[in-house]
2 protein chains.
Amino acid sequence: MISPSSYRTHPSPFESGLRSDGKRMTPQRKKVLSLFEEIGSGIHLSAEEVHSKLTISGEKVSLATIYRTLRLLVKMTFLNELDLSEGGNRFELLSHDHPDHHHLICIRCGRTEEFENNEVINAGKAAAENFGFKLLESSLNVRAVCPMCLNK
Amino acid sequence: MISPSSYRTHPSPFESGLRSDGKRMTPQRKKVLSLFEEIGSGIHLSAEEVHSKLTISGEKVSLATIYRTLRLLVKMTFLNELDLSEGGNRFELLSHDHPDHHHLICIRCGRTEEFENNEVINAGKAAAENFGFKLLESSLNVRAVCPMCLNK
DNA sequence: TAGCGTAATGAGAACCGCTTGCAACACAAA
DNA sequence: TTTGTGTTGCAAGCGGTTCTCATTACGCTA
Ligand SMILES: [Mn+2]
Ligand SMILES: [Mn+2]
Ligand SMILES: [Zn+2]
Ligand SMILES: [Zn+2]
């Protein structure tokens, strides 16, 4: 008789990515990626926010490990790292439907909206090409004040 | 007879801007702005770089004063502050011929090229408008690898 | 399923860019 | 010159991130 635990379940893309590189799956790594997958795309969290969200829901992962894991997840292209300025870098689930979006940030309250724009993508491509650079990524940050912060 | 020192020379825009705000002109402030004016626009210096350039040319200005002065010059719109990522913010002379340019940065050696693109400016305007935000500024940073860093 | 080699973690120190508190200093108005 | 207050230099402090190192634990192998 085959016990339930002996079923060989498909390793997740995360797990197989790790394995193929001599790295290991750990509960901490699972928790960090799951957090992003549960809250979905369009949310931009700082390392501290990831830490406190996990802590609040009873999971204990040290801040050092969170930083290490975020770096790893960015390198593995599960997450995207954003430099929106003001209080630390932020991370978001890399959504394959909206890979190249940009950000509109309220400098007062931090509210962040996303938008897509092909001209911006093309502008980045064109600039890199003109100077003979190999393009990696281009990011447009629009700093502004949101309606709520405007009238008060 | 009028002695040479009694000629009242026109105060610079910098000096009159300061005066009109109850602030004072100081040798330190002159030195920092002069450095930027001498090297011209299109050069992006970190606070540390400003400090070492002044130190090398025999001028002694403390790093704290340099940070304070850079902040002041940004507020007075003589300088522009850039967040190109990697090792501290950078400052450049605000050139009135190229006020709204963008940056192409080599992530290996730091080489930075400037380019202008109206579609990008319009994309920022449009995004702010769509969400009812009041636009402050928008900056496109293109991260790439320069030709020199590519072949080695 | 126990043993083992090595990757990963947690805790805290260190680091980096930047800001701030404070006493000494120096512009500029009278 | 005197005086008031803005500015400076120094050193301590701070927030975000990385590093060091002893301990833990993943997962391969027998
Ligand atoms: Mn986003
Ligand atoms: Mn520039
Ligand atoms: Zn707001
Ligand atoms: Zn380069």
Side-chain angles (χ1 to χ4, degrees), chain A residues 3 5-6 8-9 11-12 14-33 44-55 58-76 79 81-91 110, chain B residues 5-6 8-9 11-12 14-33 44-52 54-55 58-76 79 81-91 110:
Chain A
S3 75
S5 66
S6 72
R8 191 156 305 277
T9 141
S12 67
F14 183 25
E15 183 151 7
S16 50
L18 288 170
R19 287 262 165 74
S20 72
D21 198 27
K23 297 187 187 307
R24 296 174 184 174
M25 175 55 86
T26 66
Q28 290 89 339
R29 287 173 174 173
K30 268 200 194 91
K31 286 171 191 165
V32 172
L33 181 53
H44 312 91
L45 300 178
S46 67
E48 286 286 358
E49 285 170 346
V50 171
H51 185 238
S52 70
K53 275 183 189 296
L54 289 179
T55 301
E59 315 282 11
K60 286 188 281 305
V61 182
S62 77
L63 190 53
T65 294
I66 288 178
Y67 275 106
R68 285 186 281 238
T69 304
L70 291 172
R71 244 191 293 154
L72 175 71
L73 288 170
V74 168
K75 205 170 302 161
M76 295 178 74
L79 296 185
E81 181 167 9
L82 307 169
D83 185 5
L84 305 182
S85 231
E86 339 280 342
N89 287 358
R90 306 189 95 80
F91 299 83
Chain B
S5 66
S6 71
R8 190 156 305 276
T9 141
S12 67
F14 183 25
E15 183 152 7
S16 50
L18 288 170
R19 286 263 165 73
S20 72
D21 198 26
K23 297 186 188 306
R24 296 175 185 174
M25 174 56 84
T26 66
Q28 290 89 338
R29 287 172 175 174
K30 267 201 193 91
K31 284 170 192 167
V32 172
L33 182 53
H44 312 91
L45 301 178
S46 68
E48 287 285 357
E49 285 170 345
V50 171
H51 186 238
S52 69
L54 289 179
T55 302
E59 315 282 11
K60 288 188 281 303
V61 182
S62 79
L63 190 52
T65 293
I66 287 178
Y67 274 107
R68 285 188 280 238
T69 303
L70 290 172
R71 243 192 292 154
L72 175 70
L73 288 170
V74 167
K75 206 171 303 163
M76 295 179 73
L79 295 185
E81 181 166 10
L82 307 169
D83 185 5
L84 306 182
S85 231
E86 337 281 342
N89 286 359
R90 307 188 94 79
F91 299 83

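Letters A, B, ... mirror the listed sequences (proteins, then strands); counts begin at 1.
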ask   = Rounded to the Å, how far apart are A:E81 CD and D:dT18 C1'?
value = 13 Å
message = Mind checking if B:Q28 touches a base, just sugar-phosphate, or nothing, with heavy atoms under 4.0 Å?
response = sugar-phosphate
task = Could you tell me which non-hydrogen atom of A:V61 sits nearest to which non-hydrogen atom of A:T65, and how far apart they are?
result = CG1-CG2, 3.7 Å
A:L63 CG - D:dT20 P separation (whole Å) = 18 Å
message = Does D:dG27 have OP1 or OP2 under 4.0 Å away from a side-chain N or O of A:R19?
response = yes
ask   = Could you give the CG-to-C1' distance, from A:L18 to D:dA25, as a whole number of Å?
value = 15 Å
note = Whichever of B:R24 and B:S46 has the more 5' nearest nucleotide on DNA chain C, that residue is B:S46
note = Numerically ordered, the residues 65-73 of chain B set in heavy-atom contact under 4.0 Å with DNA chain D is B:T65, B:R68
request  = Starting at atom NE2 of A:H51, determine the distance to atom C1' of D:dG16, rounded to an integer number of angstrom.
outcome  = 14 Å
key: Below 4.0 Å: OP1/OP2 of D:dT8 and any side-chain N or O of B:T26   = yes
Could you list the donor-acceptor pairs under 3.5 angstrom formed by side chains in residues 24-33 of chain B, with sequence neighbours left out?
unit_1	atom_1	unit_2	atom_2	d
B:T26	OG1	B:R29	N	3.2
B:R29	NH1	B:R24	O	2.6
B:K31	NZ	B:E59	OE1	3.4

message = Distance check needed: D:dG15 C1' versus A:E49 CD, whole Å only.
response = 14 Å
query = Roughly how many Å is it from NZ in B:K31 to P in D:dT7, rounded to a whole number?
reply = 16 Å
message = Students should find this one: the first and last nucleotides of DNA chain C, 5' to 3', lying under 4.0 Å from a heavy atom of chain B. What are they?
response = C:dG17 to C:dA28
